[in-house]
Amino acid sequence: MDPLPPFTNTEAAWRPNSGSSSSSDRQRIAQQRLRIIAGHLQRSEDGDSSSTVLLAAECKAQESQKTAEEKTVPRKRHEIMKWNGWGYSDSRFLFNKKGQAEFTGKRYRLSGMIIPGLKDWFEGTFGASLQHKTPATPVLTSSSVPPPTLNEAFVEELKSTGIPFSLEAEDRVFRAHGHCLHEIFALREGKFGRVPDMVVWPNCHNDVVKIVELACKHNEGTSVSSALECPPEETRSIVSLDTSQMNRILWIDEKNLTAHVEAGIVGQDLERLLNESGYCTGHEPDSMEFSSLGGWVATRASGMKKNIYGNIEDLVVHIKMVTPQGVIEKSCQGPRMSTGPDIHHFIMGSEGTLGVVTEVTMKIRPMPEYQKYGSVVFPNFEQGVACLREVAKQRCAPASIRLMDNEQFKFGHALKPQVSSIFTSFLDGLKKFYITKFKGFDPNHLCVATLLFEGDREKVLQHEKQVYDIAAKFGGLAAGEDNGQRGYMLTFVIAYLRDLGMDYYVIGESFETSVPWDRVLDICRNVKARIVAECKDKGVQFSPLSTCRVTQTYDAGACVYFYFAFNYRGLSDPVHVYEQVEHAAREEILANGGSLSHHHGVGKLRKEWMRDTVSNVGMGMLKSVKDYVDPKNIFGNRNLL
Amino acid sequence: MTDTIPAKNNCSQYRDSGRAGSGLENEEEFVDLLDEQRRSSDLGFALRTFNPNPFKGASPCSTADLNKAVLESQYLRYMVKEIAMETGSSVEEVREEACGILEEMSQNLQLGFIRLMAYVLSKVFKRLFTSIFVNTEGLNTLQQAIQESPVILMPNHRSYVDFLAISYILFSYDIPVPVIAAGTPLAGMKMIGEILRRSGAFYIRRAIGSDKLYWAMLSEYVKTIVRRGFAPVEFYVEGLRSRTLKSLIPKIGMMHMVLEPFFKGEVYDITLVPISISYDRVLEESLLAHELLGIPKPKESTTGLLKASKVLQEDYGSMHVNFGRPLSVRQLCQGKINRCQYNLIPRDLPQKPNAETQDCVNWLAHLMVRIQEEGSVVSPWSLMACLLLQTPITVLSQEGLLWHLLTEKTLWLRKLALDFGARLNWPGQVPDSDVMSSTVAIHRSVVHRKAGCVYLVREEEPARKRPISPEEGVIRTAAAVLMLASYRNQSIHIFLRPAMLATAIHITKTTQRDELFTFFCFLQDVFSNEFIFIPGKSSQDFEQACFLLKKCGAVHISQQEVLVSDVGLEVLSFLRALLQPFIESYQVMFRYLCEEEVHVLSEKQFLPAVRNVATKLILSGDLHTYEALSSDTQKNVLVALRRLEIVTKLRASEQNEYRVNKAAVRRIENILSGEIPPQMLQTTPDARL
């Protein structure tokens, strides 16, 4: 089903090293647009590669075309992606022989660069030392993976359908986890819990229907999603459905501006393919490199630019899902219906407990003509939040507006790549002088908002002025496009950085919530303080990194992200300590009027709070839907409920 | 949220802080503040660099800023509108009124006046006291706590000097001086009111009643100070100055106000610092006794204060100020409060606290008073007072108590007190006889020593034409006895629980633990307004009583039984006698309530009527305690009976009229005198705001 849902607790999005050449004008424009969006991220664009076609291919035809395609997500994911860490195998942070941090690979703009400030920040913030390493188990030893429990009859029947599948250890391990800290930590130590017994790659909706029918017949559990973790008590054979091969755009409706897409497509492919036709969905969760459309639907994902395009629930027009009871879908594509409770809302956020989303019709938009980053420095976090609140009040939020606290500002600063010209560093120095000395901002209090504007050039400029004017009222100083861009970069690389930390006794994670405006400041302060206090209480020897940012604004509140990491030297069970602290932090969030989740979802990690969150009756409603749709618990990942 | 922290945690928390140790020897160091002052100039002291580190999250806040923030708060705007609607007046009028209230209330803390106070107080304190002992350890932790979260200072209240002393001490230790909740009568004093205001006092009316606007102003004012955290807040959780020197049942209105910013997540945590102030001799001692006998206290006025300046001639011994361990509200409330209850209503709007919250606040308030009790330092005089009160009044007033007997008994009691974990202020380097003598010397207003005997001092009557009537004689003796009783009350918390068990053993004549426990609980119900019991902790209290009696060898304890040991009689009879005046006084009032013809009574009639009955009984020799004459005891009986719903207030009544359930009163009386076995009386814990 949805192999990489966006709620794997770390997020990262990086646009791919992609792009296709074509002669058509439309594609040329698409190229241009890609360059604009991705320019800041990418190192270079090699204009080779493929033509993933926009045709509704028949399943059988697909098989023969496969060689011609370059798949972003191949069946054997571990060939290009880490099996025990985040992202692509070729991209990672490391400290080189000189002790300088660098980012490897060629995929990202930061790739191949030296980041001089990172070591000091890293050592200073965590009390970590490059001398104290905790390397991961380098290779996956297949022998340590428990052999699959197979239901022979099921395997036989599956074979007869011709749908590809695998029993190999690598494939199974790769699909046994999400990116929660405890999962990655265990993998790095070469430990595996319950892993799926088999991986299946359906090629189209009909394949999924067949597999689900077979599974029902043989009472097979299918599993997916962080949420990906397999219930250890599951005795049935677990089949992991990898929809990555269901990645075609089946049609584009230019009159109604919708696109019908297979749910296995990952964000970067969807965007790239639509761009080639001059369109976009505008849905850019931070994990869009790796998360799939089906995953977005299953978890109620949210995109960075939701202010213009909306969250997934605003984008979806039609959903097709295969359940043990059959296929669920609406009969038409009316833009809004009053036909009882919206059945889409049973599906969105169901986290893989009800069925497999196979095809989705989504809104699309013409690609924006112009895009501009920006940033504002505020004397303190309070002023920053007040400004965001005012922006939300006036409903003039740019495509994205995010406010980092002081710790994150410093973190972002530490990630500045080495600058080549003396002039740039001179300018940086000058800026710093202006802000701290001339304007009197305390470098230990100031914080930064990053902005992304999108639309017509003229409107963008006008909009920009409006936002900067508001910011000025709250003591904000425009701090340039570059800072803005780097702010967004931080989001993308943070997941890679976690792997670096884990090489040196540092573990961490992020989590999020949504909260009414009047509580934003209180929740930020209290949760951060709680994290620090709990760490102390649990015997963590070094003061943790406890930081937050406001990442989305709404009319009635905001989405807040917390990052938390600490040096675990001296602790016997760091993951347990981590989990206790995260648990306490979540309690604090709830006690301060925050929600259980804004877009990461519930999975198994936050299940215990569901009843309090939605009330007994609410729980009953959800349960009864599950009981009707999947009485045998074929979709047995035990998420959510 | 499911914070499930076992209850025992909280218990041990307070045990740690209250600590049941031995005497002062093992305690953290107390140092004499005045000692240093005497060696330096008062002016120099007043002008010293005062540069305290406030709460790290706070920025300084001027009076104008604070008042503006209060007046413009969402909460107040909402309340003003609501009150305007209800009363039919315009919003402007209500706002005007609100401004007036704020003006009357607000403090105006200024360093210059702190310095002035420091100067004056240096002079005064050196006159009044031989020493002011403070525990530096406590002050150091306080200094740190103040930087970490908003701090609430919670002293007990025994004298007008209390809050002056605390500000004075904090000033000398470079700790931010607090803003202090004081009663409006002080504000009315010429000059002094304003000086105190500028030293950080803010004024609260005594009887706020149902004045909605006043409540709103006060709570927003207090909460804003806590939220801003620019200065510690100091208030008396007992609400009033204790006339009996016994801890008062805490009021929870103010307590709730200071805690709410934490409940609502507006601050990460709040730190409570219990402070125990103990006096060798209280400045107001004779005033207090007279008030208890129904002679009204003089109105606070500046001229009154000047007249009272004769108190400056007297020796008041030393004063102990014990700063307790700072307590985190967050930790204390863990598992007791579901903070999610505030999620569905804007936090700026008034929200009546739910039962769980009220219980928690009530519990916390009681806990703080208990910690104050356990932190207080008991003087030799208080032990002597316990013993003097157990001496027949004729002996004290006529024959005289043999000095060596008193000394012997006092030393015996000192050992018992130490066994029970009291903090004693018994100078170690001086011979015991000197300690005794100097103690009696300080308290020559109550007792005098002549020819190897001790006598009770009865106040000089102005020369009169006619002889003193027997009733007047009773009142005169009563004044002296009540003074003694007040000093006994300084140490009663040490002996209270074992004394209740001793009484239970005596009255029920049983050895069965469960029966004793039932009677013990009955006593807690009856004395619910007399002594401080932490709600819901009866069995711990009982266990503690058993433990202490066992520790001093008075009883043997088995699974089912509590057996009096051969050597235990002395301890048990002392403990029983300690509680006897209370039991007798209560019985007098119970009988009065049963026998009185009418079923409805008003507080106004009740007090003098009971006093008459008691006076007669004393004169006839049927009542042995003068404490039945204390209006405090009388009121406590009424409150306890109301809590047990045996006496109910008439709703229509303006004049505090009550209906009495005579049968129920009779039943209590019978249980108390051991005629029928006890039954549980406990109703729901009283947690009104």
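Note on naming: letters A, B, ... go to the chains in the order of the sequence lines (proteins, then strands), and numbering restarts at 1 for each one. Model, not experiment: these values are computed from the prediction. When reading the values below, keep in mind they use all heavy atoms of this one structure, side chains included, and skip hydrogens, waters and symmetry mates.
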Check whether more than 12 heavy atoms from other residues, nucleotides or ligands sit under 6.0 Å from atom NE2 of A:His345, and answer yes or no.
-> yes

Atom pair CG/CG of A:Asp612 and B:Asn343 - distance to nearest 0.5 Å | 11.0 Å

Candidate pair B:Arg347 and A:Asp522, rule side-chain contact (heavy atoms from CB on, under 4.5 Å), full reasoning = CA-CA 12 Å; B:Arg347 291 175 300 169; A:Asp522 289 332; 2.8 Å; yes

After noting the C-alpha distance and the side-chain angles of A:Arg525 and B:Glu266, does the key distance pass the salt bridge (Lys or Arg N to Asp or Glu O under 4.0 Å) rule?
-> CA-CA 9 Å; A:Arg525 179 194 56 238; B:Glu266 293 164 329; over 6 Å; no

When rounded to the nearest 0.5 Å, the distance separating CG of A:Asp518 from CG of B:Asp348 is 6.5 Å

Count the heavy-atom pairs under 4.5 Å between each of A:Pro516, A:Ala529, A:Gly594 and chain B, then report the option with the highest count.
-> A:Ala529

Write down the atom of A:Leu590, the atom of B:Cys340, and the distance for their closest heavy-atom approach.
-> O-SG, 3.3 Å

Write down the atom of B:Tyr342, the atom of A:Arg519, and the distance for their closest heavy-atom approach.
-> O-NH2, 2.6 Å

Give a yes or no on this: more than 12 heavy atoms of other residues, nucleotides or ligands lie within 6.0 Å of atom NZ of A:Lys607.
-> yes

Evaluate the side-chain contact (heavy atoms from CB on, under 4.5 Å) criterion for residues A:Glu588 and B:Arg339: first the C-alpha distance (whole Å), next the side-chain angles of each, then the deciding distance (0.1 Å), finally the verdict.
-> CA-CA 9 Å; A:Glu588 192 63 31; B:Arg339 287 183 286 150; 3.0 Å; yes

CG of A:Asn526 to CZ of B:Arg330, rounded to nearest 0.5 Å, is 6.0 Å

